[in-house]
Every structure is written in C-alpha cells, then in structure tokens.
Amino acid sequence: MNRYRQFTSWDEVPVIMPLNIAAIALDCSVETLKTKSRNGVFPAFKDGMVWKVSKNDLMAYIEKNKVRRTSTQSKIITGNYKFLFRVKK
C-alpha cells in the first residue's frame, strides 16, 4: 500500500491543504510556516488541531514574496512551473 500521494501538477493540489503540502512547495519546514502564521506573516489557519492554507492564499503569498534574481539571491518560481513531490497520506 502506497503511503504517499504524489502531485505532478498544481491542478492536483487540494484547494485547502495541510501545511505539510505548503511546506514542501515552499521548501521550508511546517514549524516555520506555523510560526509565520502565528505572527501574521503567512495566511494559514487552524481547523481544529490541524493547520491549513488555501491554494489561492498560498499562491498570493508566493507572488507577494517573490524575489527578483540577482547574483546573490535565489528566485521563488511561480506560475506554470512543473513540480513533483510526495506527501505522506
């Protein structure tokens, strides 16, 4: 039995997702996103005991925090990019 769900397209990502999916997409930890959420920096919310974020809020956060590429900075790539990640079910 496969314990992971694999996303190969942004369209496959749920409309409301737990923070572990957002953390993989942003290449950071769930704890970092929880801290940013508590401080009002990241648009997540608690649903009972589970932290979640909407797909639209995540995309808006990425667009707002996008960095222009320079020689010393990396760029957060948004839009129609291809990605593949696995999330534990």
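Note that these values count all heavy atoms, side chains included, but never hydrogens, waters or copies made by symmetry.
By the criterion of side-chain heavy atoms lying less than 4.5 angstrom apart, applied directly or through intervening Ile, Leu, Val, Met, Phe, Trp or Tyr residues, Val13 is grouped together with Met59 in one hydrophobic cluster.
Of all the heavy atoms in Lys55 and Met17, the pair that sits closest is CA-CE, 3.6 Å. Here the closest non-hydrogen pair linking Ala23 and Ser29 is CB-C, 3.9 Å. Shortest non-hydrogen contact noted between Pro43 and Val53 is O-CG2, 3.6 Å.
Applying the salt bridge (Lys or Arg N to Asp or Glu O under 4.0 Å) definition to pairs two or more places apart or across chains, those involving residues 24-40 are Glu31-Lys34. Residues in residues 18-44 take part in these ring-ring contact (aromatic ring centres under 6.0 Å, His included) pairs, two or more places apart or across chains: Phe42-Tyr61. Within the structure, the side-chain hydrogen bond (donor to acceptor under 3.5 Å, both in side chains) test picks out the following pairs touching residues 43-54 (sequence neighbours left out): Asp47-Lys52, Ser54-Asp57.
Annotation: the span from Ile21 atom CD1 to Leu33 atom CG amounts to 12.0 Å, rounded to 0.5 Å.
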